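Not measured: the values here are computed from a predicted model.
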2 protein chains.
Amino acid sequence: MSPDTRHDEALELLQQLGLKEYEARCLVTLVGVADATAKQVSDESDVPRTRVYDAMRVLESRGLVEVQHAKPQRFRSVPVGEAVETLRRWYDARLDPLETALRRLHDTGAPETGETHEVWSLLSRDGIASRTRQITEEAEREVVLVVGTESVLTDELLGALADANERGVSVVVGALDEGIRERVEAAAPDAEVFVSELEWLRGVEGAAEEGVSVGRLLLVDGSTILVSSFDPESSTERAVFGRGFSNGLVLITRRLMETGLSRGGRAVGSPERTDGAAHDGEHADSEPGSSDDPESREE
Amino acid sequence: MSPDTRHDEALELLQQLGLKEYEARCLVTLVGVADATAKQVSDESDVPRTRVYDAMRVLESRGLVEVQHAKPQRFRSVPVGEAVETLRRWYDARLDPLETALRRLHDTGAPETGETHEVWSLLSRDGIASRTRQITEEAEREVVLVVGTESVLTDELLGALADANERGVSVVVGALDEGIRERVEAAAPDAEVFVSELEWLRGVEGAAEEGVSVGRLLLVDGSTILVSSFDPESSTERAVFGRGFSNGLVLITRRLMETGLSRGGRAVGSPERTDGAAHDGEHADSEPGSSDDPESREE
DNA sequence: AATTTTTGTGATTAATCGAGTCACACCCCG
DNA sequence: CGGGGTGTGACTCGATTAATCACAAAAATT
């Protein structure tokens with residue numbers, strides 16, 4: 001990575017972290033020089049000299065630069081470690097009280113029964129990863145995961161699989177290539193990993209969108225499902241997930257996976273109940289029947 | 001704290017963390033209701049209904065809310081803990097690479113010799129606390145701290161004092177009341193704590209500003225000084241600090257502290273050198289002479 | 001069936017904020 | 001006496017946000 005790229009990367013990151021463009025440019029420049037006047041900073045950073053002063057004031061009040069009040073003012077940045085630490089504290093000082101405030105606002109009403117016909121959609125990479133982890137942690141009997149795009153297989157996800165594995169939950173993973181198999185087996189030794197018989201994954205979605213592929217597909221205890229599509233173009237992952245044995249999305253996904261994954265006499269995702277409660281009729285365990293379930297549509 | 005206050009606090013924090021006003025309002029509303037349509041959110045949050053959709057899209061892409069794509073769309077927030085965790089990850093994912101990028105940009109030129117005539121100024125609470133810690137950690141012989149405002153005596157600072165104490169550095173603390181004495185002695189048993197003889201602290205600054213008082217005053221090894229003023233009105237702390245035995249600010253501060261703190265035959269902050277190098281003349285150890293050192297002025 | 005809400009999209013306006021430029025009054029140096 | 005560097009403040013322009021409105025389709029009411 002060229003120093004130029006690093007320069008731009010730092011600029012971008014600082015702006016994402018809430019600094020304005022001028023502030024970011026000034027800070028990056030200062031980090032590289034130990035000590036400078038407004039003009040020097042301006043020349044180096046392309047920030048109009050007259051605006052350097054404003055930016056520096058903000059940076060000073062953020063604890064990121066120090067100012068020498070002399071006839072020609074001089075500016076210098078705080079040591080890098082300290083600057084990053086200051087930023088980190090700044091966020092923590094807001095995240096912690098935020099969590100407290102939100103928890104008190106939270107209406108702890110119905111504790112989310114596991115049986116609904118809803119299908120929810122999520123967009124962000126992080127959000128989907130987070131849900132994946134949560135769902136995996138709730139697994140009591142079985143976790144079936146199909147990895148359609150290698151980039152979904154993060155260390156965090158591998159850890160969640162290993163955890164489930166150690167809890168005695170059976171873990172079945174479908175993968176598109178051997179590399180994935182190796183990583184999964186390294187993390188969760190007792191997992192079963194399938195590599196073949198997954199051709200149906202490619203081109204599953206409406207042929208309209210080109211290049212979009214299955215990102216991940218997670219079925220837990222035959223009753224909770226999460227399916228994501230991955231667009232390599234925009235690096236965007238979009239997921240839908242649903243709970244409940246009779247959830248439409250769960251039904252058709254179970255069908256799909258039974259066709260695609262049940263090898264060696266092993267039926268995957270069979271809907272045996274582990275909890276005693278009989279939520280509703282048994283219309284979920286045999287033929288779904290309806291081929292155009294309104295809740296199974298995405299987008 | 002009333003629920004109304006918590007509501008506003010959460011709003012404010014979310015916006016500081018980068019959300020737009022509408023996004024923050026929508027999220028806060030969702031946290032309180034488990035499930036809602038655009039109209040319900042709009043009524044509750046004062047966000048124009050037609051804009052709720054936009055806000056929700058952003059929140060979804062941030063991993064903070066989930067959307068049920070049904071005839072009347074329904075929105076719900078991710079569990080609070082997950083939401084905060086998602087935000088935290090978001091920041092960490094930027095802070096870590098930022099630190100790397102900045103370190104590579106950093107020009108490790110002159111390693112900052114201890115002898116300069118510069119006086120630097122800092123503004124933020126965090127920045128000053130950070131510098132205080134750093135300076136204290138560098139102490140080899142003696143740390144003299146005067147606490148003018150109780151709020152500067154954080155646990156972090158007490159910890160730094162205790163560390164120095166255990167390293168064999170002599171710690172002298174001047175305080176305005178007994179409460180401070182007790183806290184310091186609890187943390188650093190070997191520290192000497194003065195409570196009286198500090199009346200000169202009040203009204204030290206130009207009489208122009210009312211209510212502004214001395215925040216902290218730190219002298220390390222007789223050669224590094226940090227002085228801060230604290231404005232209770234705005235809760236703002238502003239500090240200047242300088243290094244070097246012959247630094248103007250160091251000189252006059254040493255004079256001040258000798259007058260104010262040397263009790264029991266103990267001369268505080270005497271400029272004995274601990275390093276062998278003879279940087280410049282010995283004009284620092286007796287009478288400062290010049291009463292109007294240009295580098296000793298703040299603001 | 002007729003009427004009224006609700007829903008989702010889009011265009012449009014108004015206000016605010018950030019980026020960028022200019023004019024000025026220094027001050028210091030040769 | 002210039003000329004370049006310094007610091008402040010006013011100002012323009014453009015993008016982003018907050019806020020309103022018009023509209024068509026779809027429930028829900030009556």
Exercise. Is the Lys NZ or Arg CZ of B/Arg94 less than 6.0 Å from the centre of B/Trp90's six-membered ring, within 45° of the axis?
Worked result: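 Judged by the rule (NZ or CZ under 6.0 Å from the ring centre, within 45° of its axis), B/Arg94 counts as positioned above B/Trp90.
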
For [X] and [N], is the shortest distance between a side-chain N/O and OP1 or OP2 below 4.0 Å?
| X | N | answer |
| --- | --- | --- |
| B/Lys71 | D/dA26 | no |
| A/Tyr22 | C/dA19 | no |
| B/Thr37 | C/dT7 | yes |

Between [X] ([atom1]) and [N] ([atom2]), how many Å, whole number?
| X | N | atom1 | atom2 | result |
| --- | --- | --- | --- | --- |
| B/Gln15 | D/dT17 | CD | C1' | 11 Å |
| A/Asp54 | D/dT8 | CG | C1' | 9 Å |
| A/Arg74 | D/dG5 | CZ | P | 14 Å |
| B/Met56 | C/dT9 | CE | C1' | 17 Å |
| A/Gln40 | D/dG7 | CD | P | 11 Å |
| A/Lys39 | D/dG4 | NZ | C1' | 9 Å |
| A/Glu21 | C/dG18 | CD | P | 12 Å |
| A/Asp43 | D/dG5 | CG | P | 8 Å |

Exercise. Could a donor-acceptor pair under 3.5 angstrom be found where the side chain of A/Arg51 meets the base of D/dG9?
Worked result: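 Counting by modelled atom types and ignoring angles, a donor-acceptor contact under 3.5 Å is found here.
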
Exercise. Taking N and O atoms by type only, does the side chain of A/Arg49 place a donor or acceptor under 3.5 Å from a partner on the base of D/dG5?
Worked result: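 A donor-acceptor contact between them is absent.
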
Exercise. Does CZ belonging to A/Arg104 count more than 12 external heavy atoms closer than 6.0 Å?
Worked result: no

For this session: Could you tell me whether A/Arg57 contacts a base, only the sugar-phosphate backbone, or nothing, with contacts defined as non-hydrogen atoms closer than 4.0 Å?
Result: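 Contact class for A/Arg57: sugar-phosphate only.
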
Do NZ/NE/NH1/NH2 and the carboxylate oxygens of [X] and [Y] come within less than 4.0 Å?
| X | Y | result |
| --- | --- | --- |
| B/Arg74 | B/Asp35 | yes |
| B/Arg88 | A/Asp126 | no |
| A/Arg49 | A/Asp43 | no |

Exercise. Of all the nucleotides listed (C/dG20, D/dT17, D/dT8), which has the minimum atom distance to the side chain of A/Pro48?
Worked result: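 Nearest to the side chain of A/Pro48 among the choices is C/dG20.
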
Problem set entry | Given C/dC22, C/dG10, D/dT17, the nucleotide with the shortest approach to the side chain of A/Thr50 | C/dC22

